Structures are given as C-alpha cells and as structure tokens.
Trainee: 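Here it is: the structure, laid out below.
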Protein chains: 2
Amino acid sequence: MAAQGAAHAHQTHNHRACIEDALATARELCAARGVQLTPIREKVLQIVWRSHKPVGAYDVLDELSRSHKSARPPTVYRALDFLMGEGLIHKIESLNAYLGCVEAGAPHSGQFLICRHCGATEEIVDRKLETALEAAAKRTQFAAERKVVEISGLCARCAS
Amino acid sequence: MAAQGAAHAHQTHNHRACIEDALATARELCAARGVQLTPIREKVLQIVWRSHKPVGAYDVLDELSRSHKSARPPTVYRALDFLMGEGLIHKIESLNAYLGCVEAGAPHSGQFLICRHCGATEEIVDRKLETALEAAAKRTQFAAERKVVEISGLCARCAS
DNA sequence: GCGCCAATGCTACACTATAACAATCCGTCC
DNA sequence: GGACGGATTGTTATAGTGTAGCATTGGCGC
C-alpha cells in the first residue's frame with residue numbers, strides 16, 4: 001500500500017483491512033436499501049478510502065481513469081453525489097475534497113480535524129459538540145439541517 | 001437600497017447605517033494597524049456588505065467593474081484576501097462566498113447560520129460552542145488553528 | 001419485441017481561484 | 001533631484017472545481 005497516506009491519528013493500522021471494512025459495509029447498506037453500488041461507485045469509494053486524507057474529485061478521476069478509460073468529470077461527480085447521498089463519504093468543504101465516512105449508515109454531518117501539515121483528517125463524533133450546535137441554532141429559532149464543522153490545525157504527530 | 005438582501009434574522013434594520021458602521025470600523029482598524037484600506041479594498045468591503053447574504057467573488061467583480069473598469073479576478077481576490085487577513089470579512093466555505101464580519105477587530109473563526117431558502121446568513125458568537133470545539137480538538141491532542149462552523153437550514157422567517 | 005427506468009457516455013461549458021510578470025505609486029535615503 | 005525599495009494594482013493566461021444537457025446502454029417487466 002504505497003499510496004496509503006496517513007493513518008488514524010496517533011496510530012498506524014492495517015489500511016487494507018480498513019478499506020475492505022468500508023467496502024463491505026457499503027455493500028451491505030446498499031443491498032439493504034435496494035440501491036445499486038455499481039462497479040464505478042464502488043471503485044470511487046475505494047479510491048476515496050485509499051487514504052485518510054481528503055481527496056479531490058479530479059484526483060479520483062485520474063485514478064478511476066486507469067480502470068475506466070471513459071471516465072469524465074460527470075462520472076466522478078455522479079458517483080460522489082451518490083456516495084454522499086448514502087452517507088458513505090463526506091465532502092470537506094474547506095478543501096473541496098472528499099473523505100470516507102467512518103460512521104456509514106447513520107446519516108450525520110461529520111466533524112473533522114484536518115492537519116494542515118500531513119493532511120490526515122480524522123472524523124470525530126462528539127456528542128457535546130453536537131449538542132452545542134443544536135443549542136446554538138435553536139437560540140435563534142433556526143432549523144438546522146446540515147452542519148459543517150471543520151477544524152484545521154496540527155495533529156499530535158505533526159505538532160512535535 | 002433595492003439590492004439590500006435579507007436583514008438580520010427576525011428583524012429589519014437600517015441597512016445603510018449597517019454598511020456605514022462596518023466601513024467606519026474598518027477605517028479605524030486599518031488606520032490603527034497601519035495598513036491601507038485602499039479605495040478598491042473599501043469598495044469591495046462595501047459590496048460584500050450590501051446584503052447579509054454571502055456574495056461570490058465574481059459577483060463582487062461584476063459590481064466592482066462599474067467603478068473600476070480595469071478590475072479583474074486577481075483584483076477582487078487580492079482585496080478579499082486582505083479583508084480576510086484583517087478580519088473584516090469571512091469566507092463561507094460551503095458556498096464559496098464571502099460575508100461581512102460583525103465582530104471586526106477581534107480575530108476569530110466565525111460560526112454561521114445559513115438559510116437555504118432566503119440565503120440570509122447570520123454570524124453567531126456562541127461561547128459554549130467555542131468551548132465544545134476546543135474540547136473536541138483537545139481530546140485528540142489536536143492543535144486547532146482555524147474552525148469552520150457552518151450550519152445550513154431554514155431561518156425562523158422562512159420556516160413559517 | 002417494446003417500453004421504461006437507472007446508470008453511464010460524452011461534449012461543452014460555467015464557476016472559482018491563482019501564477020507570473022509588468023507597471024505604477026509613494027516614501028525614504030543619499 | 002534621483003535612485004532605490006516596498007506595496008499596490010494592471011494584465012494575461014491558466015489551473016482547479018463543478019454542472020448542463022442530451023445521447024446511449026443495459027436490465028427488467030410485460
């Protein structure tokens with residue numbers, strides 16, 4: 001796995017298994033929902049999962065082109081849109097890039113810690129933060145639908 | 001003010017005065033800091049403040065072109081970069097658009113409530129939310145630098 | 001076979017942002 | 001006054017991100 005990219009913060013892991021877990025979960029979810037995880041969609045999901053760094057749509061396209069010569073921008077964006085719709089990936093707005101979702105299945109807006117040095121991005125699920133977001137919106141009678149939380153900085157590894 | 005755009009959530013206000021306040025504050029801040037709020041920069045700031053909706057860089061360019069025929073994309077992006085650097089405007093990442101900062105002077109990452117219906121975007125300053133963000137980052141020894149919080153949904157006015 | 005629908009192919013284009021270098025302006029120092 | 005230097009703006013070109021719109025394919029039910 002030469003192109004593996006950064007591991008979860010603070011630990012290395014078997015990234016091949018990590019990808020396989022994500023793909024297996026995706027297959028199950030799509031089957032259960034009666035939606036099609038087509039070869040293109042699965043390949044795109046796999047590419048996004050190649051690392052724990054957000055990956056740009058055109059990087060996905062470059063990689064996808066190797067196996068699907070006819071791939072074009074719409075090919076990729078359709079697949080990304082599908083995967084986002086199914087909650088299998090997230091878009092990192094501040095980077096215009098995409099990241100595999102670690103909580104696939106439970107629709108949610110992610111919260112992310114983005115290291116500006118190594119690029120590794122960790123999705124966190126922080127209940128208190130979620131509560132604070134809801135409370136902040138409620139304070140002005142705002143009906144929250146999507147919550148973008150992206151914290152940039154230095155991960156523990158890169159800070160040292 | 002035909003092009004005023006949405007007011008602060010839940011209330012109308014004298015938007016002309018609103019703009020003037022922002023410009024006056026900007027002039028004071030820049031003078032105090034010894035940086036130049038040039039005519040172009042001031043005009044761009046004024047354009048961003050024309051409404052309480054985030055405005056795209058090319059919309060700024062269209063408007064700026066009326067008074068500065070030589071304006072080009074770099075003209076606008078330089079001004080926007082300057083204004084962001086001085087904490088006078090924010091970029092709304094999920095919209096690729098820019099919004100006047102209501103807390104100019106105190107450098108901070110903003111927190112925003114973005115109405116998907118009317119576009120009005122309110123900057124909120126929620127201490128508890130700020131605390132929750134810090135705590136979430138700290139939990140994984142992440143050194144937070146920039147925090148993007150953008151909540152999309154329906155404002156109170158549009159929900160009814 | 002035929003109609004239908006989802007997915008993909010394909011061309012073109014719109015929108016967002018930056019690189020790179022030239023020209024200008026203004027203040028300072030000699 | 002003139003040379004230098006830094007900040008700002010002018011200018012052209014291009015990189016990067018995302019979508020519109022319509023054609024084609026392939027499976028499935030009838």
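All values below were derived from every heavy atom in this structure, side-chain atoms included, with hydrogens, water molecules and symmetry-related copies excluded. We name chains A, B, ... by the order of the sequence lines, and we start the count at 1 in each one. Keep in mind that what you see is a predicted model, and the values were worked out from it rather than measured.
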Trainee: Tell me which one of Glu130(B), Glu123(B), Glu150(B) satisfies side-chain hydrogen bond (donor to acceptor under 3.5 Å, both in side chains) with Gln111(B).
Mentor: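 So the option named by the test is Glu130(B).
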
Trainee: In whole Å, what is the span from the CG atom of Leu61(B) to the C1' atom of dG10(D)?
Mentor: 13 Å

Trainee: Thr121(B) side chain to Ile114(B) main-chain N or O, any donor-acceptor pair under 3.5 Å?
Mentor: no

Trainee: What does Lys91(B) touch in the nucleic acid at a heavy-atom separation under 4.0 angstrom: a base, only the sugar-phosphate, or nothing?
Mentor: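 If one applies the 4.0 Å heavy-atom cut-off, Lys91(B) turns out to touch the sugar-phosphate alone, with no base involved.
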
Trainee: Report yes if a donor N or O on one partner sits less than 3.5 Å from an acceptor N or O on the other, where the partners are the side chain of Tyr77(A) and the base of dA20(D); otherwise report no.
Mentor: no

Trainee: Using atom CG of Leu64(A) as one end and atom P of dC10(C) as the other, report the distance to the nearest whole Å.
Mentor: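 Going from Leu64(A) (CG) to dC10(C) (P), I get 13 Å.
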
Trainee: Within this structure, what is the CG-CZ distance for the pair Asp81(A) and Arg78(A), rounded to the nearest 0.5 Å?
Mentor: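 Answer for the CG-CZ pair, Asp81(A) versus Arg78(A), is 10.0 Å.
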
Trainee: Is a salt bridge present between Glu28(B) and Arg33(B), judged by a nitrogen-to-oxygen distance below 4.0 Å?
Mentor: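 Here Glu28(B) does not pair with Arg33(B) in a salt bridge, since their nearest N and O are not under 4.0 Å apart.
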
Trainee: Going from NZ on Lys147(A) to CG on Leu133(A), what distance comes out if it is rounded to the nearest 0.5 angstrom?
Mentor: 6.5 Å

Trainee: Can you tell me which residue pairs pass the ring-ring contact (aromatic ring centres under 6.0 Å, His included) test with a partner in residues 72-91 of chain B, sequence neighbours excluded?
Mentor: His90(B)-His108(B), His90(B)-Phe112(B)

Trainee: Round to the nearest Å and state the distance from Leu95(B) atom CG to dT16(C) atom P.
Mentor: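 It is 10 Å, rounded to the nearest whole Å.
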
Trainee: Mind telling me whether His52(A) and His15(A) have parallel, tilted or perpendicular rings, with 30° and 60° as the class edges?
Mentor: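 Rings of His15(A) and His52(A): perpendicular, over 60°.
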
Trainee: Report, as a single string ordered 5' to 3', how protein heavy atoms within less than 4.0 Å touch nucleotides 4-9 of chain C: B base, S sugar-phosphate only, - not at all.
Mentor: --SSBB

Trainee: Quickly work out the Glu93(A) CD to dT16(C) P distance and round it to whole Å.
Mentor: 13 Å

Trainee: Which is more 5' along DNA chain D, the nucleotide nearest Gly56(A) or the one nearest Pro73(B)? Just name the residue.
Mentor: Pro73(B)

Trainee: Quick one: is dA17(C) close enough that its OP1 or OP2 comes under 4.0 Å of any side-chain N or O from Asn96(B)?
Mentor: yes

Trainee: Is there aromatic stacking of Tyr58(B) against dT16(C), centre distance under 5.5 Å, plane angle under 30°?
Mentor: yes

Trainee: CG of Asp62(B) versus P of dA14(C): gap in Å, rounded?
Mentor: 14 Å

Trainee: Grab the CG-P distance between Leu80(B) and dT9(D) for me, whole Å please.
Mentor: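 One finds 12 Å between P of dT9(D) and CG of Leu80(B), rounded.
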
